[in-house]
Amino acid sequence: MSDTQTTRTGSTLVKRGLADMLRGGVIMDVVNPEQAKVAEDAGAVAVMALERVPADIRRDGGVARMSDPQMIQEIQAAVTVPVMAKARIGHFAEAQVLEALGVDYVDESEVLTPADEENHIDKWAFTVPFVCGATNLGEALRRIGEGACLIRSKGEAGTGDVVEAVRHLRSITAMIRRCQSADANELYAVAKDLRAPLPLVLEVAETGHLPVPLFCAGGISTPADASLVRQLGAEAVFVGSGIFKSEDPVRMAHAIVEASTHFDDPAAVAKVSTGLGSAMRGWETSSLDQRLAERGW
Amino acid sequence: MGSVGVLALQGDVREHLATLSALGVEAGCVRTPAELDAVDALILPGGESTAIAHLLVTSGLRDPLGARLGEGMAVLGTCAGLILLAREVLDGRADQWGYGALDVTVRRNGYGRQIASFEAPLALVDGSSVPGVFIRAPRILECGPRVEVLATYAHAEGVDPVLVRQGPVWGASFHPELTADTTVHRLFVESL
């Protein structure tokens, strides 16, 4: 008798399970192996390998695509923590390439220029797990219905302005509470209004949380920002431009990691915030011409 | 039996608390030296071993936990927790440190990257089976003479130890906390 016949890869449990292992931590955007080492040294639980951080994508304009595989492989070789990489919304061929490279998580991301304005990727078809952004509960559940194993509230990437992250996180958690208080008759209409799969709405109403972990992204740039979104219900934090666009990236990286772990201890957050140098300068979201969070359907 | 804590710096803390709760054991989170002082046994959860090791240092827990291990505190480490307890770690960071409380050699990500993460049934020494969930799991390559192997994973190339014990120190390369099966936690709690 051989147990090899019963060994299964790519199951929902192992795909969602990696997201569970990242909880409480910080995932940092990095553009080269040196930054990846800084992130790992600071206690990052994973790195997101990409050619330009969102702040630079925003500044440079043009079409933003999947990163060069060579750059992703160099980062994979540089660190022992999981390496994530971004594919364009709907661009399943980019996702296939990332899976072939052995990345640990694919981010089907609104930060890149969308490849399909109607369809997201069928994520069930992959062994590699996917993370997707969401601005509200309906969007989160549609992504989970397509096979996403981790949801991050979108925020507004590359701004250094936390206001959209807070809006999206609050929108998701408030709607979860409404599902919990709805009676059985109302939940069908709730699912219709959310444009979300009914079984997932029923599950949320029953459990009081998403079927997958909920992390936060988009605009987090200080330890106090990390503490804020963790207290609002995010189980971990993605930091994009906020580390390497700050005055002292090494200290900022350490400080945000500490603040995510000790998010409910104001004295600990105060300690790591002291003398930190300036955070990324940023853009006020209300002054933007283009909102990345509006990408995704 | 005294009180049980779960190291709550990072990782799948909630699942360990839920599994213990299902066994009727109310456990607390440990994030400070004072919270460590208050528990009689500790679970080191799954997570990223480099991140947890870093946070043990910055939280002032590294040396107090080492001292408690030296005094014979009962500890169960799963996945990342096993890496922290192992005597020797291969393919880790150059500055990887650990407690060396379990005389085993493990290889980080010894079964491969996430796309190779898997589920498989495991054989306990009593002949029963428990579900195994392996996520970027460490692979136990060698066990010292004082290490008891409590469960194994049989695959095409051989049989790997996956649950081991050396006195009060237990290590699992898989995640018993991610399934509804409470066997591993029950065995650990019954040993206290």
Residue part contacting chain B, namely of [X], when any heavy atom lies under 4.5 Å:
{"X": "A:Ala236", "answer": "neither"}
{"X": "A:Glu99", "answer": "both"}
{"X": "A:Asp41", "answer": "both"}

Are the side chain of B:Gln10 and the backbone of A:Arg23 linked by a donor-acceptor contact shorter than 3.5 Å? yes
Does any N or O in the side chain of A:Asp104 come within less than 3.5 Å of the main-chain N or O of B:Gln114, such that one atom is a donor and the other an acceptor? yes
Are [X] and [Y] close enough that a side-chain donor and a side-chain acceptor fall under 3.5 Å?
{"X": "B:Arg31", "Y": "A:Thr261", "result": "no"}
{"X": "B:Thr32", "Y": "A:His262", "result": "no"}
{"X": "B:Thr50", "Y": "A:Glu40", "result": "no"}

For [X] versus [Y], what's the shortest heavy-atom pair and its separation?
{"X": "B:Leu178", "Y": "A:Asp20", "value": "CD2-OD2, 3.9 Å"}
{"X": "A:Val45", "Y": "B:Glu48", "value": "O-CG, 3.1 Å"}
{"X": "A:Val14", "Y": "B:Ser117", "value": "CG2-O, 3.9 Å"}
{"X": "A:Ala44", "Y": "B:Ala51", "value": "O-CB, 4.2 Å"}

Give, as side chain, backbone, both or neither, the part of [X] having an atom under 4.5 angstrom from any heavy atom of chain A.
{"X": "B:Ile115", "answer": "both"}
{"X": "B:Asp95", "answer": "neither"}
{"X": "B:Asp12", "answer": "both"}
{"X": "B:Arg136", "answer": "side chain"}
{"X": "B:Thr179", "answer": "side chain"}

List the steps, then state whether side chain to side chain contact (heavy atoms under 4.5 Å, CB included) holds for A:Thr80 with B:Asp91. CA-CA 8 Å; A:Thr80 65; B:Asp91 291 351; over 6 Å; no
So B:Glu119 and A:Thr7, side-chain hydrogen bond (donor to acceptor under 3.5 Å, both in side chains) or not? Walk me through it. CA-CA 6 Å; B:Glu119 290 182 60; A:Thr7 297; over 6 Å; no
Distance check, rounded to the nearest 0.5 Å: [X] atom [atom1] versus [Y] atom [atom2]?
{"X": "A:Leu13", "Y": "B:Phe118", "atom1": "CG", "atom2": "CZ", "value": "12.5 Å"}
{"X": "A:Ser260", "Y": "B:Leu55", "atom1": "OG", "atom2": "CG", "value": "9.0 Å"}
{"X": "B:Thr58", "Y": "A:His254", "atom1": "OG1", "atom2": "NE2", "value": "8.0 Å"}
{"X": "A:Met21", "Y": "B:Thr78", "atom1": "CE", "atom2": "OG1", "value": "7.0 Å"}

Answer key: most heavy-atom pairs under 4.5 Å with chain B among A:Pro213, A:Ala19, A:Ala46, A:Gly102 is A:Gly102
Name the option with the most non-hydrogen atom pairs under 4.5 Å to chain B; the candidates are A:Gly10, A:Gly25, A:Ser11. A:Ser11
